[in-house]
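Just so it is clear, the values below take in all heavy atoms, side chains as well, and ignore hydrogens, waters and symmetry mates. What you are looking at is a predicted structure, and each value in this text was computed from that prediction instead of being measured.
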Amino acid sequence: MLPVVGQAGALSILAQPIWEPHRRAVPCCVAVKDGKGIGVDILSDLNAAQRQAVTAPDGPVLVLAGPGSGKTRVLTRRAAWLIQERGLPPRRIVAVTFTNKAAREMRSRIESLLGEVLGEGLRGFTLGTFHAICARILRREHTHLPVSANYAIYDSADQRAVMKEVVAVDLNLDEKRYSPDKILARVSSLKNELIVPDDFRPGAYYDEIVSRAYRRYQERLVANDALDFDDLLMQTVLLFRDHPDVLARYQHATDYVLVDEFQDTNSAQYALVRMLSSPRNNLFCVGDEDQSIYRWRGADYRNILRLRNDYPDLTIILLEQNYRSTQTILDASRAVIDKNPQRTPKRLFTETPGTSADITIYEAFDEHDEAQFVVDQLAGMVAQQEVEPGQCAIMYRTNAQSRALEDAFIRAGLPYKLVGATRFYGRREIKDVLAYLRTIHNPDDTVSLLRIINTPPRAIGEKTIQALESWASSEGITPGAALLRLAADPGAGPFSGKARSALAGLGALLDAWRQMREVIPLGDLLKLILDETGYLNYHNDGTEAGQERIDNVLELLNVAREYEDVPLPEFLAEVALVSDVDNLSEEANAATLLTLHAAKGLEFDVVFMVGLEEGILPHSRSQDDPEQMAEERRLMYVGMTRARRKLYLIYTFQRSQWGESVLNIRSRFLDDIPDSLLTMARGATTGVGYRQMTTWGLKAEEPRPVGKQIQFRSGQRVVHPRFGEGIVVESRVSGDDEEVTVVFEASGLKRLMASFANMQALDE
DNA sequence: CTGATGGGCCTTTTT
DNA sequence: GGCCCATCAG
């Protein structure tokens, strides 16, 4: 028997006005005592172009805003202006941002701008990411969907679990040949293009598999009462397309739509923006095609062009004055981005002069030297009181690069903030605990149930799970529902004594929690789960890693206590949609380590960009596609333009990648910056290619002669009859021969045996 | 049924 | 260098 619970949450959602978001219990700072007058402020401190944008007439507006040109400022002022000068009620405005953090900041800025004039604050103002806004719409309109109002939001790990089942069980294919991740990537791009399984016409054989997998995957999601990230967008668009009455309701409730980071919208998001803002077409988009870095996620900066075509009366405003960086940093960034074809040329300028000392270029020996250099420079500047640590950032292309940097910071005893890498909400222990909450909330979410069914171990193994699943399916219910039935009627089902008591025990716990959640706050519920499962003790193995896991769970408990009076579904949805940047704390005065992607929209006094090497930035996976290469260049541009006063550009001579040493050539992007804008730090050289390595030849460790005398030394120039000229990287005795590693000018890295290679040493 | 161990893979970026 | 998976002994 299923207990009837969960109505309260649903009702409180339905009772809200159509657009009203849930307001968190966490106090949000409303700067009421701003002292300034009311009304005049909105246009103060704006340049002509910014003012033009803020006060633009109704209808579609596109603001093309270069980095540091006051994009956020224009967006918030526009919203405030609409509310105050045009008298629009906040609840009739929809504003979309790229991250939750940006949304939070925008809200508090508007509130402080408008001050007391807004008695009740921004009540009903719809402000959030596309995903968050869509999640809310879908929950409210679930009757038109195949899922309930309690639907779970699956992240990539959950998606993977589902797709693995699809490939292995439903399609009976080899996971090695048909990687779930690859298929998911295809499915994701199909969803971003709004292509449902029925509309997909596979051409090649592989797509035939994708098509079948896509269909089964969707079926499994529905069976789990779940949607994935891409569904949030696609299903909302489909909902609006197939139910004109629903769309009309939202359109009537919406007078104005504002969109930030417009260059990073995908087809689904673009469709959504068009639908919502129609028929009034009061649409205000802000973006910069040069900062479009999410192509791989379906984003298409050409939406900016589409906007021009779709709205012939589009007002376009260019913001070209930069208020962030020095002239030197701006010139160097421009030298890099100017090489991209097909872009609107911009004349970015600043009134802040600069010198060539603003940009330092450094060739490190390897990633450890690189990290040490960063730490030394940082510590030096902080000691001289030239900069606050919190105003410094170290940026890299891939998360894997953070490790060496972290090590150096730890060894130097310097604090740092790390964005991404092992994302808080991606950690195993956090996912475990959230899976408990998700199962309580929605027992049909089988992915979550399977995650916790034997975590911590409670003697429910593979065999028992299979028995549960087959019994559930014979009864026509989900495994979660089967567990609850077993709790109510421990005699049901075909289970042996041990398995039966284990399953019924878990079912009873679930059942009890499901009833408790109605009457106790979220934090208490979580505490109860931790206590009754012994989850913390499960990780208490005396190791450092175990303690860290416990700390993380306790941290989650703190978060849950902040959401005390928030209904469970709201909490789960919010938690599923938080990004790393959202959690970036402003409090700690420590340097920030983050990927270039995560750096978008942020600014720092001092920026270190590391790993500026061919294969890393630009990434090797982008080499053969000009479009992707253009995106790598934009990534470089985004990184450089984050810096206010000082920019370090760093690359290494050699780097360990995949556990072995690799010799890298410095990034082509560096060579696009005129020397006159740069200062060379020790070790840096201009000019491309392997020649720079001679600098390090002497620094490289001398091979220790073991028994036999060696012929070649690292750093030595050699010539090979077939490969031509090169430089020895390493040479060591191997058996009774000598193994020489050489990087050749023409053909790159080769490993050769001295006795066969017939190489000649060259004199310098 | 669990935990330890070793081999074969990779690794871009994230809401 | 690390993660996931399969395998095996208790």
Visitor: Decide, yes or no, whether a salt bridge links A:Glu370 with A:Arg655 under the criterion of side-chain N to carboxylate O below 4.0 Å.
Guide: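 A salt bridge links A:Glu370 with A:Arg655.
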Visitor: Nearest whole Å is fine: how far is B:dT11 P from A:Leu184 CG?
Guide: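 Distance, rounded to whole Å: 13 Å.
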Visitor: Does A:Glu614 come within less than 4.0 Å of A:Arg668, counting only side-chain N to carboxylate O?
Guide: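 Looking at A:Glu614 and A:Arg668, the cut-off is met.
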Visitor: What residues, two or more places apart in sequence or in another chain, satisfy ring-ring contact (aromatic ring centres under 6.0 Å, His included) together with A:Trp296?
Guide: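 So A:Trp296 forms a ring-ring contact (aromatic ring centres under 6.0 Å, His included) with A:Tyr294, A:His597.
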Visitor: Is NZ or CZ of A:Arg295 both nearer than 6.0 Å to the six-membered ring centre of A:Tyr301 and within 45° of the ring axis?
Guide: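 The answer is no; the distance or angle limit is not met.
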Visitor: If you look only at pairs with a residue in residues 494-504 of chain A, which of them pass as a side chain to side chain donor-acceptor pair (under 3.5 Å), with sequence neighbours excluded?
Guide: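 Side chain to side chain donor-acceptor pair (under 3.5 Å) check on residues 494-504 of chain A returns no pairs.
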Visitor: DNA chain B: A:Lys498 or A:Ala576, which has the more 5' nearest nucleotide?
Guide: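 Final value for this comparison: A:Lys498.
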Visitor: Name the residue closer to the 5' end of DNA chain B, choosing between A:Pro457 and A:His619 according to the nucleotide with the nearest heavy atom.
Guide: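 Result of the comparison: A:Pro457.
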Visitor: Salt bridge (Lys or Arg N to Asp or Glu O under 4.0 Å) with A:Asp288: which residues, sequence neighbours excluded?
Guide: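 Counting only residues at least two positions away or on another chain, A:Asp288 forms a salt bridge (Lys or Arg N to Asp or Glu O under 4.0 Å) with A:Lys346.
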Visitor: When A:Ser622 is tested against each of A:Glu631, A:Arg633, A:Glu627, A:Glu632 for side-chain hydrogen bond (donor to acceptor under 3.5 Å, both in side chains), which residue passes?
Guide: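 So the option named by the test is A:Glu632.
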Visitor: Quick one: label A:Ser156 by what it contacts on the DNA or RNA (base, sugar-phosphate, nothing), any heavy atom closer than 4.0 Å.
Guide: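 Here A:Ser156 touches no strand at all.
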Visitor: Anything under 30° is parallel, anything over 60° is perpendicular, the rest tilted; go ahead and classify A:Tyr206 against A:Tyr178.
Guide: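 Rings of A:Tyr206 and A:Tyr178: parallel, as their planes differ by under 30°.
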Visitor: Base, sugar-phosphate alone, or nothing: which one does A:Asp230 contact when heavy atoms must sit under 4.0 Å apart?
Guide: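 No contact at all - A:Asp230 keeps every heavy atom at 4.0 Å or more from the nucleic acid.
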Visitor: Within the structure, does a side-chain N or O atom of A:Asn399 lie under 4.0 Å from either OP1 or OP2 of B:dT14?
Guide: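 Yes, A:Asn399 has a side-chain N/O under 4.0 Å of OP1/OP2 on B:dT14.
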Visitor: Less than 4.0 angstrom between a side-chain N/O of A:Asn192 and OP1 or OP2 of B:dT15, yes or no?
Guide: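 A:Asn192 to B:dT15 OP1/OP2: no side-chain N or O under 4.0 Å.
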Visitor: Taking only the side-chain nitrogens and oxygens of A:Ser656, find out if one of them lies under 4.0 Å from OP1 or OP2 of C:dG1.
Guide: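 No.
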Visitor: Counting heavy atoms from C-beta on, name the nucleotide in B:dT2, B:dT15, B:dC1 closest to the side chain of A:Arg297.
Guide: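 Shortest atom-to-atom distance from the side chain points to B:dT15.
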Visitor: When you measure from the side-chain N and O atoms of A:Thr99 to the phosphate of B:dT15, is any distance below 4.0 Å, counting only OP1 and OP2?
Guide: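 It does not, given that no N or O in the side chain of A:Thr99 lies less than 4.0 Å from OP1 or OP2 of B:dT15.
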Visitor: Go through the structure and list residues passing side-chain contact (heavy atoms from CB on, under 4.5 Å) with A:Lys463, not counting sequence neighbours.
Guide: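 Counting only residues at least two positions away or on another chain, A:Lys463 forms no side-chain contact (heavy atoms from CB on, under 4.5 Å).
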Visitor: Between atom CZ in A:Phe98 and atom C1' in B:dT15, what is the gap in whole Å?
Guide: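 One finds 7 Å between C1' of B:dT15 and CZ of A:Phe98, rounded.
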Visitor: Ring of A:Trp296 versus six-membered ring of B:dT13: centres under 5.5 Å and planes under 30°?
Guide: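 A:Trp296 ring centre within cut-off of B:dT13 base, planes near parallel; stacks.
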Visitor: Checking all strands, does A:Gln628 fall into the base, sugar-phosphate, or nothing category for heavy-atom contacts under 4.0 angstrom?
Guide: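 If one applies the 4.0 Å heavy-atom cut-off, A:Gln628 turns out to touch a base.
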Visitor: Which listed nucleotide (B:dT14, B:dT11, C:dG2) is nearest to the side chain of A:Arg403?
Guide: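 Closest of the options to the side chain of A:Arg403: C:dG2.
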Visitor: In dot-bracket form, 5' to 3', how is DNA chain C paired? Count Watson-Crick and G-U wobble pairs only if both distances fall under 3.5 Å, and write | where the partner sits on another strand.
Guide: .|||||||||
Visitor: To the nearest Å, give me how far apart CG (A:Asp181) and P (C:dC4) are.
Guide: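 Value for this atom pair: 11 Å.
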Visitor: With the criterion being N/O to N/O and under 3.5 Å, what pairs connect the protein with nucleotides 5-10 of chain C, and how long is each?
Guide:
residue : atom : partner  : partner atom : Å
C:dC5   : OP1  : A:Lys164 : NZ           : 2.3

